[in-house]
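To keep things clear, I will list the structure first and then write my remarks on it.
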Protein chains: 2
Amino acid sequence: MGARKGPTEGRDTGTLGKLMALLDLVTHAEGPMRFTDILAVAGQPRGTLHRQLVHLAEEGLLEVDDDGRYLPGLRLLDLASRSWARNEFRLVAEPHLAALQKLTGETVHLGVLRGTSIIYLDKVEGQQPVRMYSQIGNASPIYCTGVGKAALSILPPERLKAMLSELEFQRFTPNTHTAETLAAEMDEIRDRGCAFDREEHEVGIHCVAAPIWSDNLSFIGGVSVTGPAYRLTMERLQDWAKPVRETAENIMRGMRIGLGPRR
Amino acid sequence: MGARKGPTEGRDTGTLGKLMALLDLVTHAEGPMRFTDILAVAGQPRGTLHRQLVHLAEEGLLEVDDDGRYLPGLRLLDLASRSWARNEFRLVAEPHLAALQKLTGETVHLGVLRGTSIIYLDKVEGQQPVRMYSQIGNASPIYCTGVGKAALSILPPERLKAMLSELEFQRFTPNTHTAETLAAEMDEIRDRGCAFDREEHEVGIHCVAAPIWSDNLSFIGGVSVTGPAYRLTMERLQDWAKPVRETAENIMRGMRIGLGPRR
DNA sequence: TCACATATTCCATTATGTGGAACTTAATTT
DNA sequence: AAATTAAGTTCCACATAATGGAATATGTGA
């Protein structure tokens with residue numbers, strides 16, 4: 001009982017799973033939620049829900065404002081900053097990202113594949129102070145970002161097929177991929193060793209990205225150069241393709257992945 | 001049974017509390033931990049610990065590397081970025097921080113009191129791209145940071161006394177406060193409306209900070225200007241005191257706190 | 001003051017987590 | 001290659017903590 005394999009029923013993490021689902025619900029909401037708001041959508045009985053919220057709040061994962069409404073807690077910041085600070089991929093990549101930024105003068109992103117999303121781990125901009133948190137940690141769709149498409153391109157056929165069937169394609173711009181057009185582009189990306197994104201996610205934004213992976217594919221990510229379409233013309237994207245691929249290779253060398261067995 | 005009020009025994013959050021303690025343990029460690037490493041310090045029996053780790057990993061709060069070692073998971077980044085993006089205090093403060101940075105040319109911090117620590121919510125630097133996560137989310141001791149001392153200064157006597165007795169004073173520099181010197185400085189800070197930090201946390205670093213609070217003290221934080229001692233001389237600190245206080249006032253006005261009852 | 005909406009507490013029932021021990025699997029030594 | 005030790009995983013009777021319906025409390029506007 002319980003371990004059915006319906007489409008929604010992926011995890012079996014007991015009480016923790018329920019609490020995390022609740023935390024996600026509140027965290028992904030537009031604004032603070034009152035008890036009744038949550039009750040309406042959480043599908044838990046009053047008593048249960050109340051205790052769960054109190055526990056989450058006591059642990060600092062949620063906070064309660066003066067009006068008794070629930071919002072994401074600051075404990076999450078402390079935990080995340082440590083996760084970020086210690087991430088080996090990010091640590092290894094950092095100098096290479098800076099070098100790529102300097103070379104191109106454009107914004108450089110580092111992302112990692114998690115489930116069917118790309119999570120951005122780092123961002124290096126040229127000019128003024130960066131609002132980093134605004135980008136870092138954010139999960140973006142895999143099918144319409146350079147890093148996402150680059151990551152897809154190194155998956156073996158079966159896993160690629162499985163992934164494609166899991167995706168739900170939302171149209172962000174006129175250029176956003178469908179299941180068909182995305183599948184059609186894969187060989188091309190694989191051959192070229194990098195992916196272009198021409199206004200597929202955001203109008204006016206172009207991007208070149210190269211994949212980064214470990215031999216056993218337990219790790220898959222990518223690095224990209226992003227900028228306004230008027231500056232990153234098709235010729236410019238072609239120009240940056242090589243340095244982006246080289247940056248990816250350098251990062252892989254630094255992590256001792258993609259070059260035969262570890263240790 | 002269990003709800004004793006010993007010094008360590010603060011929370012009663014059932015299963016979640018145990019899991020969060022475990023998450024904290026792994027997250028605060030120096031590097032990846034093997035099962036046996038954790039077993040030695042977690043004080044849980046083998047079977048229990050194993051299931052807890054598996055659950056945390058399945059939820060993405062922990063990750064397991066190729067060698068089976070546990071480290072903080074990336075799910076935390078997604079959760080935290082939303083917590084940060086939606087934080088009202090930070091949103092309101094943002095433009096004021098930028099203005100203060102521009103005026104002084106020095107680094108500006110925004111922090112909030114949580115327990116006996118200051119958690120940094122934002123940082124605005126002048127020059128080059130900022131490694132923001134490296135500071136944001138970090139918990140710093142309240143007794144040797146400008147923001148911390150400013151926050152202490154607006155506590156009512158009983159709460160201040162309780163807080164002081166809770167603190168453990170670690171010596172970071174020759175100037176780091178002890179319980180006595182800290183208590184002695186409080187009146188002065190309160191009168192002046194801002195706190196100075198002259199190499200109390202880090203050698204070579206000076207700082208001016210002003211407190212930010214809500215009427216009912218459900219919220220306490222602060223804003224500060226930080227920089228190298230050779231540039232932020234005592235005279236300079238005096239100069240910046242007024243703009244720092246004004247920035248704090250502007251932020252309070254923006255949050256509709258510190259100016260009579262809300263709504 | 002009453003009525004209504006919202007939030008919190010209570011407690012018998014039952015699902016879930018617990019933890020000692022047995023069992024695999026991998027690494028190291030003889 | 002077999003034996004030995006260590007590291008990780010699974011099992012299951014038992015206890016504890018989560019459940020959820022109902023009662024109570026708290027707050028808000030008429």
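Worth knowing before you read on, the calculation uses all heavy atoms, side chains too, and leaves out hydrogens, waters and symmetry mates.
- Residue whose closest nucleotide on DNA chain C sits further toward the 5' end, between A:G68 and A:K18: A:G68.
- In the interface, the side chain of A:R46 is paired with the base of C:dA7 through a donor and an acceptor atom under 3.5 Å apart.
- Of the candidates B:W84, B:F219, B:Y120, B:F89 forms a ring-ring contact (aromatic ring centres under 6.0 Å, His included) with just one, namely B:F219.
- Between B:R190 and B:D187 there is a salt bridge, with a side-chain nitrogen of the basic residue lying less than 4.0 Å from a carboxylate oxygen of the acidic one.
- The aromatic rings of A:F169 and A:Y143 sit tilted, their planes meeting at an angle between 30° and 60°.
- Atom CG in B:L19 sits about 13 Å away from atom P in D:dA17, given to the nearest Å.
- At least one side-chain heavy atom of A:L113 sits under 4.5 Å from a side-chain heavy atom of A:M163.
- Taking atom CG of B:D37 as the reference point, atom C1' of D:dG8 lies 13 Å away to the nearest angstrom.
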List the steps and the verdict of salt bridge (charged side-chain N to carboxylate O under 4.0 Å, His left out) for B:R114 and A:E63. CA-CA 11 Å; B:R114 197 84 349 168; A:E63 312 221 340; 2.5 Å; yes

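- Across the protein-nucleic acid pair, B:E58 atom CD and D:dT9 atom P stand 13 Å apart, rounded to whole Å.
- Side-chain N/O atoms of B:Q44 include none lying less than 4.0 angstrom from OP1 or OP2 on C:dT18.
- Taking atom CG on B:L39 and atom P on D:dA6, their separation rounds to 15 Å, with Å as the unit.
- A:E166 and A:T116 form no side-chain donor-acceptor contact under 3.5 Å, judged by distance and modelled atom types alone.
- With the end axes of the helix from C:dT1-D:dA30 to C:dT30-D:dA1 each set by five pairs, the angle from one to the other reads 40° at 10° resolution.
- Remark: B:R245 does not engage B:E249 in a salt bridge, criterion side-chain N to carboxylate O under 4.0 Å.
- Contacts between residues 47-55 of chain A and DNA chain C, defined by a heavy-atom separation under 4.0 Å, are made by A:G47, A:H50.
- Here D:dG8 presents its P atom at 11 Å from CG of B:D65, a figure rounded to the nearest Å.
- Atom CE in B:M33 sits roughly 16 Å away from atom C1' in D:dG8 (whole-Å rounding).
- As rounded to whole Å, 18 Å separates atom P of C:dA26 from atom CZ of B:R69.
- Proximity of A:T15 to the phosphate of D:dA17: no side-chain N or O atom is located under 4.0 Å from OP1 or OP2.
- Remark: B:L217 pairs with B:I154, B:P156, B:R159, B:W213, B:I220 by the side chain to side chain contact (heavy atoms under 4.5 Å, CB included) rule, at least two apart or across chains.
- Using modelled atom types, one finds a donor on one side chain and an acceptor on the other under 3.5 Å when comparing B:T13 with A:E59.
- With rounding to whole Å, B:L56 atom CG is found 14 Å from C:dG17 atom C1'.
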